[in-house]
Amino acid sequence: MPNGDTTMPELPESETIRRQLEAAVVGARITGVTVNLPRTVRVHSRPDEFIAVVKGRRIERIDRRGKALIFTLPGPKTPVTLIIRLGMSGVLLVRERGAPRDDYDHVVFALDDGRELRFLDVRQLGEAAAWPTGDWSQIPDLAKYGPEPLGEELTLEYLTDLLSRRSTRLKAVLMDQESIAGIGNIYGDEICFEARVNPERPANSLTRPERERLLAAIPAVLRKAIEHCGTSREDETYTDIYGNLGEFQNMLAVYGREGEPCRVCGTPIKRSVWQNRSLHYCPKCQPRRRMTPKKKATRASAAKK
DNA sequence: AGTTGGACCTGACTGC
DNA sequence: TGCAGTCAGGTCCAAC
């Protein structure tokens, strides 16, 4: 159960929630809104009037952009776009009205069919923002995002241009929502492993073959995680809208596996800390520096002996 | 402008 | 037992 637990929603977790919400609440009307923690809601740039803007509207569709969930609420005049960012510990739950209150239920949307959509968030880093437009390009929160990693905009050309302009660590670029939308700390590490590139490498140092591997690894890792309904960790538990756990945590290659053997070569996984974030990689599969031809030959001859 | 580190926030955990 | 310190990380912001 999500009470007291926390979350790490990145794109696969958000997409899992989106698919469930699409089946569960699209078509329902929001008959009432209870805001228990005002800092969680926002209209435009103001923290007030949220209830007035959202109440009475029907949920027409639910989309996702990066990690954000986007509810389209049409109206007689202008549609409203409701954006829910789960932050790091946010959970959306669908409950029957009258079910016991959940801890940290900062915003509760009452639906006309007798259910409630509850937005829980222990660490209060999530947010629900309402915008009085249906045009995403008018919404700064959405307009700033980089291309969707599962879309056609993420091409080798885009990735090459992006990486060539950045001297910071590859991991930082992958996690930069304005560069590519939806990747966080867990999948950043997993993608780098899948591509066999060290996450601490300067982004502009990647070779073309490495960029090609990265381009393939990004959707491959994210799609696989979506298939397994996202990642729930023992102590940092993400759940879907019914309180169920994901399954991808059992398939993680490097994240959270410090000291455990690499699933490919058996070398202990290394963890380092950078910018208050942990970073995991296999030192053998993802060498920090590309080996020079001479060093490669030396190592190869040493391996023969 | 790009990069970096701190702050926000709370619960779980560790060590004294 | 209690308390201080640390860690987790999505996102924003200040500083270099």
Side-chain angles (χ1 to χ4, degrees), chain A residues 1-15 17 36-42 44-47 64-70 83-92 102-107 119-129 139-146 149 161-192 199-205 222 225 230-239 246 249 252 254-259 271-280:
Chain A
M1 283 295 103
N3 284 3
D5 291 343
T6 53
T7 314
M8 302 176 167
E10 301 180 32
L11 186 151
E13 291 76 28
S14 291
E15 178 61 19
I17 291 167
N36 296 317
L37 185 70
R39 61 168 288 161
T40 302
V41 301
R42 184 162 65 90
H44 245 197
S45 57
R46 299 195 313 275
R64 178 192 54 73
R65 186 77 172 87
K67 303 168 187 172
L69 293 162
I70 304 170
I83 302 169
I84 295 187
R85 286 191 300 102
L86 296 169
M88 131 164 208
S89 57
V91 177
L92 284 169
D102 295 286
D103 292 337
Y104 319 105
D105 57 345
H106 304 326
V107 189
F119 181 19
L120 286 55
D121 186 10
V122 175
R123 292 179 196 167
Q124 305 181 17
L125 298 176
E127 180 185 69
I139 303 175
D141 292 14
L142 297 180
K144 68 184 179 185
Y145 281 123
D161 180 58
L162 172 70
L163 296 179
S164 69
R165 287 184 286 106
R166 307 291 295 272
S167 61
T168 190
R169 289 169 171 80
L170 171 62
K171 177 84 178 282
V173 179
L174 291 177
M175 288 177 61
D176 175 6
Q177 303 303 298
E178 297 182 30
S179 297
I180 302 171
I183 300 171
N185 208 33
I186 295 178
Y187 297 108
D189 280 350
E190 293 297 307
I191 286 165
C192 287
E200 296 193 293
R201 287 266 302 281
N204 57 13
S205 75
L222 297 176
T231 302
S232 300
R233 310 235 319 131
E234 286 174 24
D235 52 342
E236 314 256 338
T237 301
Y238 141 83
T239 79
Q249 62 275 15
L252 293 172
V254 288
Y255 186 87
R257 298 191 66 241
E258 181 187 13
R271 171 179 180 270
S272 64
V273 176
W274 170 67
Q275 288 202 352
N276 272 340
R277 296 292 178 271
S278 60
L279 190 149
H280 309 75

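Chain naming here is simple, since letters A, B, ... match the order of the sequence lines and numbering starts at 1 in each. Computed from a prediction, not measured in an experiment: that's the story for all the values here.
- Remark: P of B/dT3 and CG of A/D176 are 9 Å apart, rounded to the nearest angstrom.
- Scored by the side chain to side chain donor-acceptor pair (under 3.5 Å) test, A/S179 finds A/R166, A/D176 as partners (sequence neighbours excluded).
- With sequence neighbours excluded, the residues forming a side chain to side chain donor-acceptor pair (under 3.5 Å) with A/S272 are A/E200, listed by chain and number.
- Listed by chain and number, the residues in a side chain to side chain contact (heavy atoms under 4.5 Å, CB included) with A/P38 amount to none (sequence neighbours excluded).
- Side-chain N/O atoms of A/E13 and A/Y187 include a donor and acceptor closer than 3.5 Å.
- Each of A/L125 and A/D141 was assigned the nucleotide of DNA chain C with the nearest heavy atom; the assignment lying further toward the 5' end belongs to A/L125.
- The distance between atom CG of A/L120 and atom P of B/dC9, rounded to the nearest whole Å, is 19 Å.
- One can place CZ of A/F119 at 12 Å from C1' of C/dG10, the figure rounded to the nearest angstrom.
- A straight line from CD1 of A/I83 to C1' of C/dT11 spans 14 Å, rounded to a whole angstrom.
- For A/K171, the salt bridge (Lys or Arg N to Asp or Glu O under 4.0 Å) test picks out A/D189, with sequence neighbours left out.
- The two atoms that bring A/G126 and A/D121 nearest to each other are N-OD2, 2.6 Å, heavy atoms only.
- If you check every strand for non-hydrogen atoms under 4.0 Å, A/Q177 touches sugar and phosphate atoms only.
- Residue contacts shown for A/R42 are absent, as no nucleic acid heavy atom lies under 4.0 Å away.
- Here C/dT11 is the nucleotide among B/dC8, C/dT11, C/dA8 with the atom lying nearest to any side-chain atom of A/Y145.
- Side-chain nitrogen and oxygen atoms of A/K67 include at least one within less than 4.0 Å of the OP1 or OP2 phosphate oxygen of C/dT11.
- The side chain of A/R123 contributes no N or O atom lying less than 4.0 Å from OP1 or OP2 of C/dG10.
- Here the side chain of A/E10 is nearest to one of C/dG10, C/dA8, C/dT11, namely C/dG10.
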Show me the protein contacts with nucleotides 14-16 of chain C, counting only N or O atoms at under 3.5 Å.
none

Please evaluate residues A/L120 and A/D105 with respect to the criterion side chain to side chain contact (heavy atoms under 4.5 Å, CB included), reporting the C-alpha separation (whole Å), side-chain torsions for both, the decisive distance (0.1 Å), and the verdict. CA-CA 4 Å; A/L120 286 55; A/D105 57 345; 4.2 Å; yes
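- The ring-ring contact (aromatic ring centres under 6.0 Å, His included) search around A/H106 returns none, not counting sequence neighbours.
- For the pair A/Y104 and B/dC9, the criterion of a side-chain N or O lying under 4.0 Å from OP1 or OP2 is not met.
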Tabulated below should be each protein N or O lying under 3.5 Å from an N or O of nucleotides 4-7 of chain B; please produce it.
residue: B/dT4; atom: OP2; partner: A/T168; partner atom: OG1; Å: 2.4

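- In this structure, A/L142 places its CG atom 15 Å from C1' of C/dT11, rounding to the nearest Å.
- Taking atom CD1 of residue A/I183 and atom P of nucleotide C/dT11, one finds them 12 Å apart after rounding to whole Å.
- Not counting sequence neighbours, the partners of A/E127 by the side chain to side chain donor-acceptor pair (under 3.5 Å) test are A/R42, A/R85.
- When the C1' atom of C/dT11 is taken as reference, atom NZ of A/K144 falls 7 Å away, rounded to whole Å.
- Comparing the start and finish of the helix from B/dG2-C/dC16 to B/dC16-C/dG2, five pairs each, the helix axis swings through 60°, to the nearest 10 degrees.
- Judged as a side chain to side chain donor-acceptor pair (under 3.5 Å), and not counting sequence neighbours, the contacts of A/R65 are A/E148.
- Listed by chain and number, the residues in a salt bridge (Lys or Arg N to Asp or Glu O under 4.0 Å) with A/R165 are A/D161 (sequence neighbours excluded).
- Partners of A/A128 according to the side chain to side chain contact (heavy atoms under 4.5 Å, CB included) rule, which considers only residues two or more places apart in sequence or in another chain, are A/V41, A/F50, A/L82, A/I84, A/F119.
- If A/R165 and A/Q124 are placed on DNA chain B by their nearest nucleotide, the residue sitting closer to the 5' end is A/R165.
- Between the P atom of C/dT11 and the CG atom of A/L11 lies a distance of 11 Å, rounded to the nearest Å.
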